[in-house]
Amino acid sequence: MEIDRAVRGSSDRRLRTKYDNAVYVVQRAFALYPFEEVAFSFNGGKDSTVLLHLLRAGYYLHKSSSDGEVEMNTIQNCPVRTIYFESPCAFPEINSFTYETVSTYGLPLETIRSDFKSGLEGLLKERPTKAIFIGTRIGDPNAVGQEQFSPSSPGWPPFMRVNPILDWSYRYTSIGSIYDTVPNALLCDSTTGKSFRPAYMLSDGRLERAGRTKKNISSVSSNGTNSTEVEQTISRSASIIVVGDEILFGTVEDKLGAGLCKKLHAIGWRVSHVAVVSNEIDSVAEEVERCKSTDDMVFLVGGLGPLHSDISLAGVAKAFGVRLAPDEEFEEYLSQLIGDNYTGDRNEIKCKNVVILAATNVDELETEWGCLLDTQESGLVMAKSFVSKHLCTSLLDVKIAPVVAKLCIDFSDVYIGCYRISRSGPLVVSFIGKDNQRVEAAAEKLTNSFEGQFSQVDSCK
């Protein structure tokens, strides 16, 4: 009751809205399922601790509405079944906090000392469990596709996942296990270089997992090859989707798609597909669906903003079967940078391997591209660079066609393309690949076949 009164008396409108939605989900779950068949997954973390207090408030409101007027001291706690998956990898402080909290709020605790899936299977066999409250947020890796009420995933024990704080956010640094957690460098006190500020002072909530160590792959493989070199030799492909009726109408010319092609080529990526689609959610969704499973990354430009025609976000969401939710950490971060000029209506996103860029011209694209290259999470790894050679000739197409066709077979690892600057102008033959010797060899074989008929040009005009 005190929690409910405190939040409703707060001047933070967003907090009140989030609270109302969360406790409604809690009350709805208690109304849908028998109380003894509902459980609460508690791990001592920030999310589940917030959820605990929302459960207490929601339980009070549920009892008030179902049992009539309730005296203030009648309901002190929410005696919901509480399950705790105790892990030997957890920090001892986490275990201590968990047990102290359980004792303080009178929670009937069931401790499980096995992995999550096996533990749930055992739990459901011992006692009927229809629904489990979980502190999942939309930014969590496993939250994609979930709603406030989401059935468990295929292959898992059947129960309803209840996510009251799915749309909540925070600016606290994340703690993992004792094996993968280090102090978050972003909270280091710059004056001393040794002490760390409180977690709630993290300025950009998107970096809450910056204190997690990466699982490193050995820098040298079994055959003595450096892993960075191996990474660079892997072939990377990308698709580009440009959204805009104005391009299809011929009102404006697409320069962003061409700019992205050049930038991807410069870092060794192959562009397999460029498409221009109309400002329709289904058109975007269909194109994203087609490209996201065949290419390493998909870049989408256009249709990003508050206007009725800005449907890119909705189209990507539909392609992945997820719903849109605000990224409040990012909104707050932008508001700190931009101030009153920031509206918070839209921001660029990355969903799995699809990146939506907010650039509207080549200058903005230049800035955003630099940010993507500097961000590890973008997925834009540097691949081995392409090398190219371009030859031009005044020979007729039919004259060189048989020779070029055979070169394509003999040098299948080299892209060989032909085009004319004009119908009456010279023919340009391009050789592009990642092995300089192979590119040179293919070009030399063509020039030797027509001695004195080809000359090298520095670039394609």
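Sequence positions, counted from 1, serve as the residue numbers for this chain.
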Please answer whether the main-chain N or O of [Y] pairs with a side-chain N or O of [X] as donor and acceptor at a distance below 3.5 Å.
X: S114; Y: I112; answer: no
X: K117; Y: G155; answer: yes
X: E368; Y: A359; answer: yes
X: Q27; Y: V23; answer: yes
X: D115; Y: S118; answer: yes
X: E364; Y: T360; answer: yes

[Y] and [X] aromatic ring geometry - parallel, tilted or perpendicular at 30°/60° bounds:
X: F30; Y: F133; result: perpendicular
X: F97; Y: F42; result: tilted
X: Y59; Y: F35; result: tilted
X: F386; Y: H265; result: parallel

Pairwise distance [atom1]([X]) to [atom2]([Y]) - rounded to 0.5 angstrom:
X: I165; Y: T136; atom1: CD1; atom2: OG1; value: 7.5 Å
X: S41; Y: I134; atom1: OG; atom2: CD1; value: 6.0 Å
X: S312; Y: L304; atom1: OG; atom2: CG; value: 6.5 Å
X: L372; Y: I267; atom1: CG; atom2: CD1; value: 9.0 Å
X: C351; Y: L300; atom1: SG; atom2: CG; value: 12.0 Å
X: I241; Y: C291; atom1: CD1; atom2: SG; value: 4.5 Å

Could you work out, with salt bridge (Lys or Arg N to Asp or Glu O under 4.0 Å) as the rule, every residue matching R161, not counting sequence neighbours?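 Here no residue qualifies.
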Partners meeting salt bridge (Lys or Arg N to Asp or Glu O under 4.0 Å) with R113 (sequence neighbours left out):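 Counting only residues at least two positions away or on another chain, R113 forms a salt bridge (Lys or Arg N to Asp or Glu O under 4.0 Å) with E86.
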Looking only at heavy atoms, which two atoms of [X] and [Y] are closest? And how far apart?
X: N163; Y: E147; value: ND2-O, 2.9 Å
X: G119; Y: F85; value: CA-CE2, 3.8 Å
X: S388; Y: I432; value: CB-CG1, 3.8 Å
X: W269; Y: V381; value: NE1-O, 2.9 Å
X: G315; Y: V284; value: CA-CG1, 3.9 Å
X: L15; Y: S10; value: CD2-OG, 4.1 Å

Using side-chain contact (heavy atoms from CB on, under 4.5 Å), reason through V26 and Y60 one step at a time and then give a plain yes or no. CA-CA 10 Å; V26 172; Y60 166 80; over 6 Å; no
Can you confirm whether the side chains of R81 and T129 place a donor and an acceptor under 3.5 Å from each other?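 On atom types as modelled, these side chains qualify, holding a pair under 3.5 Å.
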So, Y19 and D4: side-chain donor and acceptor under 3.5 Å apart, yes or no?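 Y19 vs D4: donor-acceptor pair found between side chains.
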Go through F159 and V38 one step at a time and tell me if the side-chain contact (heavy atoms from CB on, under 4.5 Å) criterion holds. CA-CA 10 Å; F159 67 94; V38 176; over 6 Å; no
Pairwise side-chain contact, [X] with [Y], heavy-atom cut-off 4.5 Å (strictly under):
X: L166; Y: F149; value: no
X: H53; Y: Y105; value: yes
X: L260; Y: V301; value: yes
X: W369; Y: F299; value: yes
X: N77; Y: L107; value: no
X: D296; Y: N353; value: no
X: I240; Y: L264; value: yes
X: D282; Y: K318; value: yes

K292 charged N/C atom sitting above F320 aromatic ring, 6.0 Å / 45°: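 Checked: cation-pi criterion met.
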Go through the steps to decide whether R5 and E2 satisfy the test salt bridge (charged side-chain N to carboxylate O under 4.0 Å, His left out), and finish with yes or no. CA-CA 5 Å; R5 286 180 174 174; E2 291 176 355; over 6 Å; no
Can K434 and D413 be said to form a salt bridge (charged side-chain N to carboxylate O under 4.0 Å, His left out), step by step? CA-CA 8 Å; K434 295 201 171 186; D413 56 328; over 6 Å; no
Please identify which of these residues, L51, L54, D47, meets the side chain to side chain contact (heavy atoms under 4.5 Å, CB included) condition with W168.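 Option passing the side chain to side chain contact (heavy atoms under 4.5 Å, CB included) with W168: L54.
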From CA spacing to verdict: side-chain contact (heavy atoms from CB on, under 4.5 Å), Y415, R270: CA-CA 11 Å; Y415 167 79; R270 177 179 61 88; over 6 Å; no
After noting the C-alpha distance and the side-chain angles of N21 and D167, does the key distance pass the side-chain contact (heavy atoms from CB on, under 4.5 Å) rule? CA-CA 9 Å; N21 291 337; D167 289 339; over 6 Å; no
